**Student:** 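Attaching a single structure in structure tokens format; questions to follow.
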Number of protein chains: 2
Amino acid sequence: MNQKRRGRRAAGEDTRAALIAAAREVFVEKGYDGATVRAIAAKAGVDAAMVNHWFGGKEGLFAQAVLQLPFDPSEILKRLLDGPVEQAGERIIRTFVTVWDATGGGTFAALIRSVTSQPEVANALKSFFVNAIFKNLLTEIGAEQRELRATLCATQMVGLGIVRYVVHFEPLASTDVETVVKAIAPNMQRYLTGDLN
Amino acid sequence: MNQKRRGRRAAGEDTRAALIAAAREVFVEKGYDGATVRAIAAKAGVDAAMVNHWFGGKEGLFAQAVLQLPFDPSEILKRLLDGPVEQAGERIIRTFVTVWDATGGGTFAALIRSVTSQPEVANALKSFFVNAIFKNLLTEIGAEQRELRATLCATQMVGLGIVRYVVHFEPLASTDVETVVKAIAPNMQRYLTGDLN
DNA sequence: GCATAAATTCAACATCTGTTGAACTATGGC
DNA sequence: GCCATAGTTCAACAGATGTTGAATTTATGC
């Protein structure tokens, strides 16, 4: 084992970025409580004290690594609105699955895994899914009962995410995007524009 | 604070049961990792060592308190099959919400909160929802693509459970049973008997 | 080049965790 | 009534965890 020399490293190594990257992985796999500062630091190849140095503590690192959602809600919203309203459900499912598949579902799993210990995560979920996406979408569509519809959409999205990315129930976990879209999009569409009574 | 006397208590006090009850509450609120043996014992009004005495350790208590599902799947299945097929979705949602509402959603929240740390919990979720309920139900109905349909049903159930019982998104978290049924049952019905292509 | 500041490791701490063994006390069979 | 036993508390341990301060090394400004 090559023991590290003390003191400042040669330029070019970005410890901060390495920590964030490592933290993403470990938080994803273990959740907030299960992930230890030492494990993250080890994966980043630096000392645990660096977490406090750069982020003020474990919580600060978590905020940087996980709560910084990797997409711009308004960008997604624009994309979802681009097209006929009666295909919005389809676009939602396709966008969602494509985007999360691309990250290996990791960020989503991390969010869910951390709902336990971090109340802020529940709020992150809510402000992202419900408020930033669905409520605005429904406003543009001009739907009624927007609040209820938004939470209904959330049930389908969250449920899909859990089954596909967290607990990996087959065959849904491995089904290709288009099949998933065909299977789920009509249900989403009903929550958006259908009759709820 | 009335300090406890050592030694055996007077008859009539069931420490084991008190521990299970307390464990349910604490596991529900904190999840497996977040719940400490000391906290559970304190809530039960006994010493932490009792957990090891009665259950061999924290894990044993968890198995008794949470994984012992409070319902008989075959009983539920019978209830879901009792009536016209085209109303099965409705019965599912009504049964589900009624049952979990009655427990305050606690057991469900505990399951989800523990998906993180206990892989067995994911399996418990799967064997309960997917295998014991939906797959059998779909077999009775005589549907095709049973595996896919079962997991689709699971997405809606799990998503509803999370939104209503874990993260408490309003208004869905507080909506009365019949409104929830009307809103969601048709979607469930489509996963059971509708066209997925 | 030199002094200051920044980055990094290391050792240690305080706290909390699950578990264990010993000490104590009521119960129940005889 | 005696006594083995089951139930209970207590004190303590070993391990892990987040955090902190000192020590050390490199980079940067002048």
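Throughout, a chain's letter reflects where its sequence line sits, starting with A, and its residues are numbered from 1. Because the structure is a prediction, the values reported are computed rather than measured.
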**Student:** Calculate the interatomic distance between His53(A) atom NE2 and dG21(D) atom P; express it in whole Å.
**Tutor:** 14 Å

**Student:** Look for any protein N or O under 3.5 Å of an N or O in nucleotides 15-18 of chain D and output each such pair with its distance, or none.
**Tutor:**
{"residue": "dG18(D)", "atom": "OP1", "partner": "Lys58(A)", "partner atom": "NZ", "Å": "2.7"}
{"residue": "dG18(D)", "atom": "OP2", "partner": "Val37(A)", "partner atom": "N", "Å": "2.9"}
{"residue": "dG18(D)", "atom": "N7", "partner": "Arg38(A)", "partner atom": "NH1", "Å": "2.7"}
{"residue": "dG18(D)", "atom": "O6", "partner": "Arg38(A)", "partner atom": "NH2", "Å": "3.0"}

**Student:** Measure the acute angle between the ring planes of Phe96(B) and Tyr165(B), then classify it against the limits of 30° and 60° as parallel, tilted or perpendicular.
**Tutor:**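 Ring orientation, 0 to 90° scale: tilted.
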
**Student:** Ignoring backbone atoms, establish whether Trp54(B) has a side-chain N or O less than 4.0 Å from OP1 or OP2 of dA6(D).
**Tutor:** no

**Student:** Within the 4.5 Å heavy-atom criterion, are Met157(A) and Phe134(A) side-chain neighbours or not?
**Tutor:**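 Result yes, sub-4.5 Å side-chain heavy-atom pair found.
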
**Student:** Taking the side chain of Ala48(A) as its heavy atoms from C-beta onward, which of dT19(D), dT9(D), dG7(D) lies nearest to it?
**Tutor:** dT19(D)

**Student:** Using whole Å, report how far CG of Asp47(B) lies from P of dC10(D).
**Tutor:** 7 Å

**Student:** For residues Leu192(A) and Ile92(A), determine if any side-chain heavy atom of one lies less than 4.5 Å from a side-chain heavy atom of the other.
**Tutor:**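 The answer is yes, as the side chains (C-beta and beyond) meet within the 4.5 Å cut-off.
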
**Student:** Can you measure Arg16(B) atom CZ to dT8(D) atom C1' for me and round it to whole angstrom units?
**Tutor:**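 One finds 16 Å between C1' of dT8(D) and CZ of Arg16(B), rounded.
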
**Student:** Applying the side chain to side chain contact (heavy atoms under 4.5 Å, CB included) test to Tyr191(B), which of Leu138(B), Leu148(B), Thr155(B) qualifies?
**Tutor:**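 Output: one option passes, namely Thr155(B).
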
**Student:** Check this for me, if you would: do Arg149(A) and Glu144(A) make a salt bridge, where the nitrogen-to-carboxylate-oxygen distance has to be below 4.0 angstrom?
**Tutor:**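 Here Arg149(A) does not pair with Glu144(A) in a salt bridge, since their nearest N and O are not under 4.0 Å apart.
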
**Student:** Measuring from the side chain of Val46(B) (C-beta onward, heavy atoms only), which nucleotide among dT9(D), dT19(D), dC10(C) has the closest atom?
**Tutor:** dT9(D)

**Student:** Show your reasoning for whether salt bridge (Lys or Arg N to Asp or Glu O under 4.0 Å) applies to Glu178(A) and Arg94(A).
**Tutor:** CA-CA 7 Å; Glu178(A) 285 312 310; Arg94(A) 183 173 290 114; 2.8 Å; yes

**Student:** Measure the distance from CE on Met50(B) to P on dA6(D) and round it to the nearest whole Å.
**Tutor:**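 After rounding, the gap between these two atoms is 13 Å.
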
**Student:** Mind calculating the distance between CZ (Phe55(B)) and C1' (dT19(C)) to the nearest angstrom?
**Tutor:** 16 Å

**Student:** Quick check on dA7(C): is either OP1 or OP2 less than 4.0 Å from any side-chain nitrogen or oxygen of Thr15(A)?
**Tutor:** no

